[in-house]
Number of protein chains: 2
Amino acid sequence: MKSSIKEVAHLAGVSVATVSYVLNGTKKVRPETEKRVMDAVQKLNYQINPLARNFRKGESKLIGFVVCDLSNYFFQDVAHGLETQLAKHGYRLILIDSKEEKSIEMENVRNLLASSVDGLVIAPTTEDCSYLKFMLANHPIPVAFVDRKPIGFESDMVLSTNEDGAYEAVKHLIAKGHREIAFVGSRLDSTMAERAEGYRKALREAGIPVNANYIRFGDSLSVSQRDHRHGAVYKHTLDLLTKHDITALFSGNTLATVGAFTCLMELNIKIPQDIAFITFDDSFWFTMTTPALTAISQYPDQIGDVAGKMICERLVDFRNGVDRPHQLQRIATQMIIRGSC
Amino acid sequence: MKSSIKEVAHLAGVSVATVSYVLNGTKKVRPETEKRVMDAVQKLNYQINPLARNFRKGESKLIGFVVCDLSNYFFQDVAHGLETQLAKHGYRLILIDSKEEKSIEMENVRNLLASSVDGLVIAPTTEDCSYLKFMLANHPIPVAFVDRKPIGFESDMVLSTNEDGAYEAVKHLIAKGHREIAFVGSRLDSTMAERAEGYRKALREAGIPVNANYIRFGDSLSVSQRDHRHGAVYKHTLDLLTKHDITALFSGNTLATVGAFTCLMELNIKIPQDIAFITFDDSFWFTMTTPALTAISQYPDQIGDVAGKMICERLVDFRNGVDRPHQLQRIATQMIIRGSC
DNA sequence: ACGCACAGGATAATCGTTTAACCTAATATA
DNA sequence: TATATTAGGTTAAACGATTATCCTGTGCGT
């Protein structure tokens with residue numbers, strides 16, 4: 001049924017080495033011999049045993065993607081872009097969900113290493129990634145981080161232009177005449193800090209004083225979008241709307257938008273008449289709300305794509321023994337103006 | 001650095017076989033010997049080489065998931081459920097996107113087989129899956145289909161209760177007094193046919209004549225949700241709304257809902273006052289539209305979960321040489337009543 | 001005629017595990 | 001006491017490819 005290289009060699013009347021050379025094009029072979037080999041391959045319907053080859057070559061052609069929260073569509077799109085890019089280089093993707101738990105993330109990395117993946121892409125649950133130093137100590141492989149900047153482990157990274165994107169959003173609000181602009185984010189991490197910085201920068205440039213009370217973050221509980229409707233951001237939004245005189249609201253990510261928008265709907269507040277609204281991170285569904293939401297669109301597909309490229313480049317560098325400094329790539333965001341401001 | 005079983009054996013003063021037996025618990029070993037081995041493992045920080053093991057055992061512990069359209073959140077959720085289930089059994093998931101192209105799907109399966117996956121889960125682009133007969137001929141592995149029923153290849157399947165769900169939806173509309181109910185679906189395949197049948201059954205039971213002109217399907221072009229806003233379903237909806245006296249609209253899936261809802265919004269039609277609306281397949285974002293959409297919720301996570309279980313069960317059956325008949329499992333849908341009807 | 005280079009191919013070691021088969025001493029069975 | 005069984009190991013043959021090394025014959029230059 002499943003034939004080995006030996007049988008091909010026998011049928012072709014050559015040695016297994018020759019068959020291997022023909023199949024891999026790794027040594028010169030007389031055309032006639034090559035034909036005999038290929039005919040034998042045809043006749044036996046032979047296909048190489050990748051298990052054996054991987055074993056021999058010490059590689060698996062597998063890249064692991066450890067996702068902090070796979071139920072978040074953002075990361076599903078990153079995975080999509082990553083998969084596409086890796087496929088071009090003959091690698092395949094293994095997806096694992098960390099469910100926003102550091103312990104699961106560590107377990108996932110451990111498991112992936114135990115499956116001898118050739119590389120790792122990580123969307124970390126929290127910033128502290130020092131554990132990787134130990135895990136990768138005796139078997140270093142390329143690692144790329146996406147979306148969140150790690151601490152305690154040097155590596156390649158792919159992030160959105162968080163500060164610039166937020167800056168653009170707030171500048172847009174200011175241009176529309178708003179001065180009382182609040183910022184809500186789901187959790188204060190490096191990414192959200194960058195976006196908050198963009199928010200502040202825009203205000204400063206416009207000569208508007210930064211009101212610390214207008215900057216709110218939710219808790220760092222592990223929660224899915226579904227649970228977020230009446231979470232911490234909802235309460236912050238409620239407070240901002242009822243106890244402060246804000247005229248515009250900038251939401252730091254989709255999670256926060258879920259809470260904030262739910263609050264706006266429940267209070268029956270008119271957007272953009274009563275409150276202007278803009279959100280960081282886009283979703284297809286933002287076109288289906290009333291009004292459609294203006295958003296700073298990220299390009300998760302592209303983030304995955306670039307991360308894949310980085311890994312593949314590192315892989316060839318590893319093979320050639322060269323060592324480049326780590327790099328950080330930013331993927332540009334884009335403001336999509338819709339009805340909400 | 002990376003030590004092999006041989007060095008462990010040497011350090012422990014036993015044979016490699018003994019080390020293997022200890023590590024796998026596959027033969028009785030004196031406690032004292034076991035301790036010596038485990039100590040050596042500790043000291044050398046030994047970890048088994050999975051490439052070698054897989055090669056030797058002829059398995060990869062990998063399951064491939066070939067997804068007709070990975071940009072569709074439904075399948076991303078299926079993948080999520082699948083990954084979780086497989087992890088419990090020590091298997092890992094390889095995800096590949098077919099981008100709704102049969103040729104890519106076939107290429108994907110071929111690639112996956114070339115990576116020697118131990119099993120396959122397929123969400124087929126089209127119903128004809130006879131190609132699998134040939135591809136799996138000389139190396140049969142378990143296969144499970146999700147969401148769509150294949151033709152030309154017998155295997156396990158996991159589907160939603162399409163007919164029952166649609167029946168429940170339409171019955172609900174009828175109970176609200178509607179009689180002029182239209183049905184739009186994105187494409188006529190086995191799944192959509194089942195939903196249409198549920199629609200007809202509900203009408204028949206209520207003694208309402210089935211108007212063939214009220215049943216519409218879009219084209220079978222490969223399109224993403226994003227492109228669907230002004231596609232065939234949009235046009236059908238426009239036609240139904242402007243040239244017919246329907247009072248309720250039942251959408252067969254999310255793709256159709258995108259087109260139908262876009263049309264309703266653009267015509268500024270009030271839901272549910274002017275038109276009652278209900279959709280098959282739920283999305284978190286349906287809570288964020290105005291009004292929130294009543295939906296027949298599917299449980300993609302659970303579909304993935306069950307598919308994973310099926311594959312794992314088949315896998316042990318394969319090992320034991322037993323052959324069970326193929327089975328079809330239905331995952332119950334649930335009606336979530338919101339504001340749209 | 002002699003030596004050399006090289007093309008084209010064969011031989012065999014190797015990767016790290018698993019596991020069937022075999023061995024030995026001790027214990028149980030009759 | 002003789003024999004069977006068992007516990008606890010060891011040995012060595014696989015698994016299927018890759019690849020360094022070696023071998024042989026041919027063509028070429030001088």
Side-chain angles (χ1 to χ4, degrees), chain A residues 1-41 44-62 90 113-118 138-139 319, chain B residues 1-41 44-62 90 113-116 118 138-139 319-320:
Chain A
M1 209 98 264
K2 50 182 175 183
S3 38
S4 79
I5 197 175
K6 206 176 289 182
E7 313 174 40
V8 174
H10 183 254
L11 182 57
V14 297
S15 71
V16 293
T18 303
V19 176
S20 177
Y21 291 138
V22 168
L23 259 32
N24 296 293
T26 141
K27 205 173 174 183
K28 229 176 162 52
V29 172
R30 217 184 318 161
E32 180 209 319
T33 312
E34 178 169 342
K35 180 164 171 19
R36 284 221 311 284
V37 170
M38 294 315 278
D39 285 352
V41 165
L44 294 175
N45 185 27
Y46 167 75
Q47 28 202 58
I48 209 164
N49 179 334
L51 258 29
R53 157 183 281 177
N54 290 344
F55 166 53
R56 177 60 222 247
K57 303 192 92 171
E59 59 180 29
S60 63
K61 289 289 180 184
L62 256 29
L113 292 177
S115 317
S116 50
V117 291
D118 292 342
N138 44 2
H139 192 45
R319 252 193 295 277
Chain B
M1 208 103 260
K2 47 181 177 182
S3 37
S4 79
I5 198 175
K6 206 176 290 182
E7 313 175 41
V8 174
H10 184 253
L11 181 57
V14 299
S15 71
V16 294
T18 303
V19 176
S20 176
Y21 290 137
V22 168
L23 261 31
N24 297 293
T26 141
K27 205 173 174 184
K28 229 178 160 48
V29 172
R30 216 184 321 161
E32 181 209 318
T33 312
E34 178 168 343
K35 180 164 170 20
R36 283 220 312 283
V37 170
M38 293 314 278
D39 285 352
V41 165
L44 294 175
N45 186 27
Y46 167 75
Q47 30 202 58
I48 207 164
N49 180 333
L51 258 30
R53 158 182 280 176
N54 289 343
F55 165 52
R56 175 58 223 243
K57 304 191 89 169
E59 59 180 27
S60 62
K61 289 290 180 182
L62 256 29
L113 292 177
S115 315
S116 49
D118 292 342
N138 45 0
H139 191 45
R319 253 195 296 277
N320 304 339

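Every chain is numbered from 1, with letters handed out A, B, ... down the list of sequences.
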Item checked: Protein-nucleotide distance (His10(B), atom NE2; dT10(D), atom C1'), rounded to Å -> 15 Å
Next item on the list: Answer with base, sugar-phosphate or nothing: what part of the nucleic acid does Leu51(B) contact at a heavy-atom distance below 4.0 Å?
Entry: nothing
Margin query: Ignoring hydrogens, what is the shortest heavy-atom contact between Leu11(A) and Leu44(A)? Give both atom names and the distance.
Written below: CD2-CG, 3.9 Å
Notebook entry, point to check: Contact class for Ser20(A) (heavy atom, under 4.0 Å): base, sugar-phosphate, or nothing?
Noted result: base
Checklist line | Toward the 5' end of DNA chain D, by each residue's nearest nucleotide, Lys28(B) or Thr26(A) | finding: Lys28(B)
Note to self: Please report the distance, rounded to the nearest Å, between CG in Leu23(B) and P in dT17(C).
What the structure shows: 9 Å
Next item on the list: Write down the distance between CG (Asn54(B)) and C1' (dA17(D)), rounded to a whole number of angstrom.
Entry: 15 Å
Checklist line | Separation of dT19(D) C1' from Ile48(A) CD1 (nearest whole Å) | finding: 14 Å
Checklist line | Any Tyr46(B) side-chain N or O less than 4.0 Å from OP1/OP2 of dT17(C) | finding: yes
Next item on the list: Name the nucleic acid region contacted by Val14(A), choosing base, sugar-phosphate or nothing; use a 4.0 angstrom heavy-atom cut-off, strictly under.
Entry: sugar-phosphate
Checklist line | 5′-ward residue of the pair Lys27(B)/Gln47(B) relative to DNA chain C | finding: Gln47(B)
Margin query: In whole Å, I'd like the distance from the CD1 atom of Ile5(B) to the P atom of dT11(D).
Written below: 14 Å
Margin query: Pair Met38(B), Leu23(B) - check side-chain contact (heavy atoms from CB on, under 4.5 Å), show working.
Written below: CA-CA 8 Å; Met38(B) 293 314 278; Leu23(B) 261 31; 4.3 Å; yes
Check: Can Phe55(B) be said to stack with the base of dT17(C), given centres closer than 5.5 angstrom and planes under 30 degrees apart?
Finding: no
Notebook entry, point to check: Roughly how far, to the nearest 0.5 Å, is the CZ atom of Phe55(B) from the CG atom of Asn54(A)?
Noted result: 11.0 Å
Notebook entry, point to check: Does a side-chain N or O from Ser15(B) land closer than 4.0 Å to OP1 or OP2 of dT10(D), or not?
Noted result: yes
Margin query: Check this one for me: any side-chain N or O of Thr18(B) less than 4.0 Å away from OP1 or OP2 of dG8(D)?
Written below: no
Next item on the list: Could you please name the option among dG16(C), dT18(C), dA17(D) that lies closest to any side-chain atom of Asn24(B)?
Entry: dT18(C)
Check: Rounded to the nearest 0.5 Å, what separation is found between the NE2 atom of His139(B) and the CG atom of Asn45(A)?
Finding: 12.5 Å
Notebook entry, point to check: Separation of Glu59(A) atom CD from dA17(D) atom C1', in whole Å?
Noted result: 13 Å
Item checked: Any Arg53(B) side-chain nitrogen or oxygen under 4.0 Å from OP1 or OP2 of dT18(C) -> yes
Notebook entry, point to check: Can we say Lys57(A) and Glu59(A) salt-bridge, meaning some charged N sits less than 4.0 Å from an Asp/Glu carboxylate O?
Noted result: no
Notebook entry, point to check: Between Tyr21(B) and Arg56(B), which is nearer to the 5' end of DNA chain D once each is assigned its nearest nucleotide?
Noted result: Tyr21(B)
Check: How would you label the contact of Arg30(B) with the nucleic acid (heavy atoms, under 4.0 Å): base, sugar-phosphate, or nothing?
Finding: sugar-phosphate
Note to self: Check this one for me: any side-chain N or O of Asn49(A) less than 4.0 Å away from OP1 or OP2 of dC15(D)?
What the structure shows: no
Item checked: Rounded distance (Å) that lies between atom P of dG16(D) and atom NZ of Lys57(B) -> 16 Å
Notebook entry, point to check: Roughly how far apart are Ile48(A) CD1 and Ser116(B) OG, rounded to 0.5 Å?
Noted result: 11.0 Å
Check: For the pair made of NZ in Lys61(B) and C1' in dT17(C), what is the distance, rounded to whole Å?
Finding: 15 Å
